[in-house]
**Student:** 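Have a look at this one.
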Amino acid sequence: MPTPRLVTIPYSHYCEKARWALERGGVKFLEEMHAPIFAWRGALGAGGGRTVPVLVTDDGVFPESTDVLRWVDAHGRPPEPYFPPDMPEVEPLVSMFDRKLGPATRRVGYFHVLRGDPSYAEEVLTTDVPAWEARGVRAFGWAIRRAIRFGLKIDEAGAARSKAVIDEVFAAVNERLADGRSTLAGDAFTAADLTFAALAGPLIMPPAYAKRFGGTDRLPSPLAALRKEALATKAGAFAMRIYEAYR
Ligand SMILES: N[C@@H](CCC(=O)N[C@@H](CS)C(=O)NCC(=O)O)C(=O)O
């Protein structure tokens with residue numbers, strides 16, 4: 001079969017979720033990386049919607065990160081299935097993280113990256129993307145940052161609301177972990193663990209993901225403070241442990 005192609009924004013946590021699932025599933029794929037805004041063209045051109053990741057394979061186009069995990073279950077060799085048929089609790093957990101946690105950590109992450117040093121923001125936005133897109137981001141940096149802020153409703157009030165959503169999701173995860181379990185559903189690593197850890201990424205910044213932000217030492221200080229606070233929670237420490245054990 002032709003090599004599957006994954007269209008991404010390199011630092012996107014939904015893209016990290018798909019990349020992690022494919023790599024762990026032993027799938028060889030090509031990653032086509034774009035800067036934000038420029039990614040619309042890549043995603044639509046691949047047959048997806050406006051968002052990334054989009055996985056393009058022989059047997060279809062998958063424009064949702066969770067569908068990428070399902071595709072890997074069917075076509076890859078993950079050490080354990082992401083959606084075990086006998087664990088119905090995995091699906092609603094993944095869906096809750098996709099709907100609530102992902103948008104919330106993205107807004108908080110963008111809020112702090114975009115309002116800090118513009119050259120740092122530019123570096124995050126352009127690392128690993130085609131040279132012409134990077135030139136475009138540099139030339140129209142202010143307009144691109146404004147478009148992201150506008151498109152994703154990134155402002156002080158939005159970031160505060162999103163932080164409250166993160167706290168709510170973390171509280172639900174803390175509660176789930178209270179019985180001492182080592183993974184979220186049953187005793188096996190599943191899509192629920194992978195999705196929680198990947199989508200908590202912009203806050204938890206495990207080193208394997210933080211490299212997309214220049215490493216944990218270069219995080220804007222308010223984001224570094226939120227990271228410290230999150231890592232002190234059971235859920236935050238859990239996300240880090242999942243990264244270390246399964247990424
Ligand atoms: N439900 C989608 C969400 C993906 C998503 O929101 N991707 C963001 C990057 S983190 C994106 O492409 N945003 C571009 C836009 O909204 O215009 C999934 O799970 O794949």
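Atoms within each ligand, like the ligands themselves, are counted from 1 in listed order.
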**Student:** Quick check: closest heavy atoms across Pro81 and Asp73, and the distance to 0.1 Å?
**Tutor:**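 Scanning both residues completely, I find the closest heavy atoms to be CA-OD1, 3.4 Å.
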
**Student:** To which protein heavy atom is atom 8 (C) of ligand 1 closest, and what is the distance rounded to 0.1 Å?
**Tutor:**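 Heavy-atom neighbour on the protein nearest atom 8 (C) of ligand 1: Arg106 NH1, 3.4 Å.
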
**Student:** Specify the protein heavy atom at minimum distance from atom 1 (N) of ligand 1: its residue, its atom name, and the distance to 0.1 Å.
**Tutor:**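 Protein heavy atom with the smallest distance to atom 1 (N) of ligand 1: Glu64 OE1, 2.7 Å.
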
**Student:** Checking Glu244 now: which residues fulfil side-chain contact (heavy atoms from CB on, under 4.5 Å) with it, not counting sequence neighbours?
**Tutor:**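 Glu244 satisfies side-chain contact (heavy atoms from CB on, under 4.5 Å) with Met240 only.
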
**Student:** Below 4.0 angstrom from a heavy atom of Pro53, which ligand 1 atoms are there? Numbered from 1 as shown, please.
**Tutor:**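 The atoms of ligand 1 under 4.0 Å from a heavy atom of Pro53 are 20 (O).
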
**Student:** With a 6.0 Å cut-off on the ring centroids, do Phe170 and Phe196 count as close?
**Tutor:**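 Centroid separation for Phe170 and Phe196: below 6.0 Å.
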
**Student:** Relative to the heavy atoms of Trp40, which atoms of ligand 1 are at a distance of less than 4.0 Å?
**Tutor:**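 Per the distance check, 14 (C), 15 (C), 17 (O).
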
**Student:** If you take the centroid of each ring, where Trp contributes its six-membered ring, are Tyr246 and Trp20 closer together than 6.0 Å?
**Tutor:**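 Centroid distance Trp20-Tyr246: not below 6.0 Å, so no.
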
**Student:** Kindly give the heavy-atom pair with the smallest separation between Ala159 and Val108, and that separation in Å.
**Tutor:**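 It is O-CG2, 3.7 Å.
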
**Student:** Would you check whether Lys17 has a nitrogen or oxygen atom less than 3.5 angstrom from a nitrogen or oxygen atom of ligand 1?
**Tutor:**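 No; the residue has no nitrogen or oxygen that sits under 3.5 Å from a nitrogen or oxygen of the ligand.
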
**Student:** Of the protein's non-hydrogen atoms, which lies at the shortest distance from atom 10 (S) of ligand 1, and what is that distance?
**Tutor:**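 I find the closest protein heavy atom is Ser12 OG, 3.1 Å.
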
**Student:** Has ligand 1 got any nitrogen or oxygen that is less than 3.5 angstrom from a nitrogen or oxygen of Tyr14?
**Tutor:**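 There is no such contact.
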
**Student:** Find all atoms of ligand 1 within a distance of less than 4.0 Å from any non-hydrogen atom belonging to Arg50, and give their numbers and elements.
**Tutor:**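 Reading through ligand 1 atom by atom, the close ones are 15 (C), 16 (O), 17 (O).
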
**Student:** Write out the residue and atom name of the closest protein heavy atom to atom 20 (O) of ligand 1, then the distance separating them to 0.1 Å.
**Tutor:**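 Here the closest protein heavy atom is Ser65 N, 2.8 Å.
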
**Student:** Quick check on Val52 - does any of its heavy atoms sit under 4.0 Å from an atom of ligand 1?
**Tutor:**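 It does, in that a heavy atom of Val52 comes within the 4.0 Å cut-off of ligand 1.
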
**Student:** May I ask you to decide if the ring planes of Trp71 and Phe62 are parallel, tilted or perpendicular, using 30° and 60° as cut-offs?
**Tutor:**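 Ring orientation of Trp71 relative to Phe62: tilted.
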
**Student:** Checking a contact table here: which protein heavy atom is nearest atom 13 (N) of ligand 1, and how many Å away?
**Tutor:**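 Looking at atom 13 (N) of ligand 1, the protein heavy atom closest to it is Thr51 CG2, 4.1 Å.
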
**Student:** Determine the interplanar angle of the Phe213 and Tyr11 rings, folded into 0 to 90°, and report it as parallel if under 30°, tilted if 30 to 60°, perpendicular if over 60°.
**Tutor:**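 Rings of Phe213 and Tyr11: perpendicular, over 60°.
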
**Student:** Any idea which heavy atoms bring Leu55 and Pro4 closest together, and the distance?
**Tutor:**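 Heavy atoms of Leu55 and Pro4 come nearest at CD1-CB, 4.0 Å.
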
